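Counting convention: from 1, in listed order, for ligands and their atoms alike. As the structure is a computational prediction, the values presented were derived from the model and not from experiment.
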Amino acid sequence: MNFILKGDICCCKSQKELETLKDGYLICENALVKGIFAEIPAECASFPVADHSGCLIIPGLCDLHVHAPQYAFRGLGMDAELLDWLEAYTFPEESKYVEIDYANSAYSIFADAMRRSATTRACVFATLHTPATMLLMDKLDRSGIVTYVGKVNMDRNCPDTLRSESADAAIKATDVWIRSTKDRYKNTSPIITPRFVPACSDELMEGLGALQRKYGLPVQSHLSENKEEIAWVRELCPQADSYAGAYDRFGLFGGAGAPTIMAHCVWSEGSEENLLKDNGVFVAHCPQSNINLSSGIAPIRRFITQGIKVGLGSDVAGGCHLSILRAMSDAIQSSKLYWRIVAHDDPPLSVQEAFYLGSAGGGAFFGKAGSFIEGYEFDAVVIDDSAIPSSNPLTFEERLARIIYFSDDSIIRDKYVRGAKIDLD
Ligand code: GUN
Ligand code: FE
């Protein structure tokens, strides 16, 4: 898999450093980035060149938090806050995935949408149903996108249709599912997924922590999204000194060997914020969901300043758009409101910072992904922004600003994941 993309190349080398080259050559060698060059180096002269002159070539984007079964009702049911929304819309929809035919058609629609988007890597929640979750993994694997998929665990505070009959039954089913999926796919892997503390008993958390250690898998869940939810967790787990502590007690909050993503962290502060940082937990910032469900605005500038790892999530269907370009603009816009209304010392995110969060920021969860640094896995998206006509010449930053603010997936021309071209039809 050696080839060259020609075009206007743009990536973040670090949080502060944008690398750009007009009419440059981005070289893929053995599915890895060899580098960005002004001229094709002699040793690559035989590599085929795909000429995308005039297009922007950016790294593949990373969605650190999305619910596949919720894609079916995106844009609906946005009149409630989290706990009522789960009861009224989410749980009834997720209950349908016990039917494999329903799962087959709904997950086909989701996997197709993921394939056609600018996303090349994603961390996905399924439901607790093993056959449907495996079907989703089959489809995502075939899409070519790199994904972690979680069979969701719940054994309390949810309808009978979604509640495992006991903690032990949930742990056993998760163990069987892990064994049958962990080496099955090229692009898809299992991730330990307690839904959130209110839906998981201590016994279930304990068992999931043991599975994490047994298989060395990553972890994903929700944290400090909504004030009512947080008060509930305080009642359910009086032993923990924070919501984060309620995961950490069971070894489900980062640290050595347990890479972890926590979605939202809208109200994280103090000792919880310290634990996020000390344990290297990734925050999946999901600004659109936080607005739709009236959850609040996450203090992303503060997290970045503290050195906490942050990426972006669509959180479909709390968020209605699957696009990480859209998540970037939502992140900028909500950071402006946070600065104006809440914390005058926390300046808004720039376009470049939001671009970083949606590419290299989230990409770091997957290893060397989300940038065109030499040795990174070759994930690239070709965007034909000439479809957004301009009567003025634009800088790279201006072109990025437009594709982010307009978030129009129809101008995606090509996508590559780990050096393989994805079929966008
Ligand atoms: N907390 C627990 N489950 C969910 C979910 O499905 N979506 C969101 N946004 N938050 C949750
Ligand atoms: Fe979520």
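- Under a 4.0 Å criterion applied to the non-hydrogen atoms of D315, ligand 1 contributes the atoms 8 (C), 9 (N).
- In summary, the atoms of ligand 1 found under 4.0 Å from a heavy atom of Q70, numbered by their order in the structure, are 5 (C), 6 (O).
- In this structure, R184 does not pair ionically with D141, as no charged nitrogen and carboxylate oxygen lie closer than 4.0 Å.
- For atom 10 (N) of ligand 1, the nearest protein heavy atom (residue, atom name, distance) is E225 OE1, 2.7 Å.
- Rounded to the nearest 10 degrees, the angle NE2 (H222) to the Fe ion (ligand 2) to NE2 (H67) equals 90°.
- Within the 4.5 Å cutoff, the side chain of M134 has heavy atoms near those of the S180 side chain.
- D315 contributes OD1 and H65 contributes NE2; the angle these two atoms make at the Fe ion (ligand 2) is 90°, rounded to 10°.
- Proximity of a side-chain donor or acceptor of K151 to a complementary backbone N or O of L128 within less than 3.5 Å is detected.
- A salt bridge links D379 with R121; the closest basic N to acidic carboxylate O contact falls under 4.0 Å.
- Scanning all protein heavy atoms for the shortest distance to atom 3 (N) of ligand 1 gives R195 NE, 2.8 Å.
- The cationic atom of R74 (NZ for Lys, CZ for Arg) lies less than 6.0 Å from the six-membered ring centre of Y71 and within 45° of the ring axis.
- Residues R163 and N157 have side chains that never bring a donor and an acceptor to within less than 3.5 angstrom of each other.
- Ligand 1 lies nowhere less than 4.0 angstrom from a heavy atom belonging to E229.
- Checking only distances, W85 never comes within under 3.5 Å of ligand 1, N or O to N or O.
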